[in-house]
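Model, not experiment: these values are computed from the prediction.
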Amino acid sequence: MNDNFYDKVIEIVCKIPPGKVTTYGDIAEYLGSRKSARMVGWVLNKQKGNPKIPAHRVVNRKGLLTGKIHFEGINLMQELLENEGIEIKNDQIVHLDKVLWKPKENL
DNA sequence: GGAGTGACACGGA
DNA sequence: GTCCGTGCCACTC
């Protein structure tokens with residue numbers, strides 16, 4: 001169902017501009033507590049089958065593509081990010097600070 | 001109805 | 001500097 005938390009995470013992820021990424025902690029922090037970062041991943045896990053959710057733009061605090069393991073193709077997530085101009089090295093975002101996008105800055 | 005799980009993050013040893 | 005344990009909230013079995 002479209003609960004607040006559920007819908008909130010999806011809305012934020014959908015608003016991530018191309019060439020930018022965000023972290024679970026930032027989304028969780030925007031929702032209330034960054035401790036709820038796990039909930040963010042959980043929501044995406046439920047919506048991972050939804051192509052409208054650019055989950056590949058969501059990474060952990062280290063910029064590591066942790067979510068890629070849930071993608072169909074292990075390289076899919078990296079390719080999508082590289083396609084947007086984000087440089088990935090060893091499954092990790094190189095210039096994370098330059099591509100980092102925070103919901104608070106846009107919302 | 002109770003217990004376990006999960007795409008994380010932080011503090012302390 | 002690295003490793004371990006804890007907290008968080010909602011869902012599923």
Side-chain angles (χ1 to χ4, degrees):
Chain A
M1 311 322 191
N2 297 333
D3 285 339
N4 233 337
F5 195 92
Y6 207 88
D7 190 40
K8 207 82 163 186
V9 175
I10 295 171
E11 187 173 334
I12 293 172
V13 176
C14 286
K15 285 184 178 175
I16 300 175
K20 296 281 184 178
V21 296
T22 190
T23 66
Y24 301 98
D26 285 333
I27 296 174
E29 187 180 50
Y30 177 78
L31 295 176
S33 300
R34 59 184 193 237
K35 300 290 188 63
S36 303
R38 303 181 90 175
M39 269 61 280
V40 179
W42 159 78
V43 172
L44 294 174
N45 187 12
K46 300 283 112 183
Q47 296 292 313
K48 75 183 191 306
N50 199 335
K52 294 179 65 167
I53 311 298
H56 61 272
R57 290 183 188 153
V58 183
V59 296
N60 66 353
R61 193 181 100 68
K62 301 171 213 162
L64 193 66
L65 308 183
T66 52
K68 76 171 193 180
I69 63 179
H70 287 278
F71 272 74
E72 298 183 15
I74 302 295
N75 298 339
L76 179 62
M77 189 170 185
Q78 181 172 337
E79 295 236 347
L80 289 170
L81 292 172
E82 286 182 336
N83 190 19
E84 294 187 355
I86 300 174
E87 188 174 355
I88 308 296
K89 187 119 186 167
N90 202 7
D91 297 337
Q92 188 172 2
I93 297 175
V94 179
H95 303 297
L96 177 62
D97 295 338
K98 303 197 173 188
V99 297
L100 185 60
W101 178 88
K102 294 186 176 176
K104 279 197 164 188
E105 291 182 356
N106 209 285
L107 304 175

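- The separation between A:Ile93 atom CD1 and B:dA7 atom P is 18 Å, rounded to whole Å.
- Taking atom OH on A:Tyr24 and atom C1' on C:dA10, their separation rounds to 17 Å, with Å as the unit.
- Going from atom CZ of A:Phe5 over to atom C1' of C:dC8 covers 9 Å, rounded to whole Å.
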TODO: Check step by step if side chain to side chain contact (heavy atoms under 4.5 Å, CB included) holds for A:Asp26 and A:Leu100.
DONE: CA-CA 10 Å; A:Asp26 285 333; A:Leu100 185 60; 4.0 Å; yes
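- With both ends at atom P, the span from B:dG4 to C:dT6 equals 15 Å, rounded to whole Å.
- Among the atoms of the strands shown, base atoms are found under 4.0 Å from some heavy atom of A:Ala55.
- At distances below 3.5 Å, at least one donor-acceptor pair connects side-chain atoms of A:Gln92 with backbone N or O atoms of A:Lys62.
- Across B:dT5 and C:dG5, the matching P atoms stand 16 Å from one another, rounded to whole Å.
- Rounded to whole angstrom, the span from the NZ atom of A:Lys8 across to the C1' atom of C:dA10 amounts to 17 Å.
- With distances taken from any side-chain atom of A:Ser36 to the nucleotides B:dA7, C:dC9, C:dC11, the minimum falls on C:dC9.
- The backbone N or O of A:Lys98 lies less than 3.5 Å from a partner atom in the side chain of A:Lys20, making a donor-acceptor pair.
- We find that OH of A:Tyr6 is positioned 19 Å from P of C:dC9, with the value rounded to whole Å.
- Without hydrogens or angle criteria, A:Arg61 side chain to A:Gly25 main chain gives no donor-acceptor distance under 3.5 Å.
- Across all strands shown, A:Ser33 has no heavy atoms under 4.0 Å from either base or sugar-phosphate atoms.
- Contact check, A:Arg38 against C:dA10: no side-chain N or O comes under 4.0 Å of OP1 or OP2.
- The aromatic rings of A:Trp42 and A:Tyr6 sit perpendicular, their planes meeting at an angle over 60°, well past the 30° parallel limit.
- When rounded to the nearest whole Å, the span between CZ of A:Arg34 and C1' of B:dA9 equals 7 Å.
- Atom P of nucleotide B:dT5 and atom NZ of A:Lys46 are separated by 15 Å, given to the nearest angstrom.
- Comparing A:Met39 and A:Asp26 against DNA chain B, the residue whose closest nucleotide sits nearer the 5' end is A:Met39.
- Residue A:Lys48 is classed as a base contact, given a heavy-atom separation below 4.0 Å to a base.
- The nearest whole Å value for the distance from the NZ atom in A:Lys62 to the C1' atom in B:dA9 is 9 Å.
- Listed nucleotides: B:dA7, C:dC9, C:dA10. Nearest to the side chain of A:Trp42: C:dA10.
- If you check every strand for non-hydrogen atoms under 4.0 Å, A:Asn45 touches a base.
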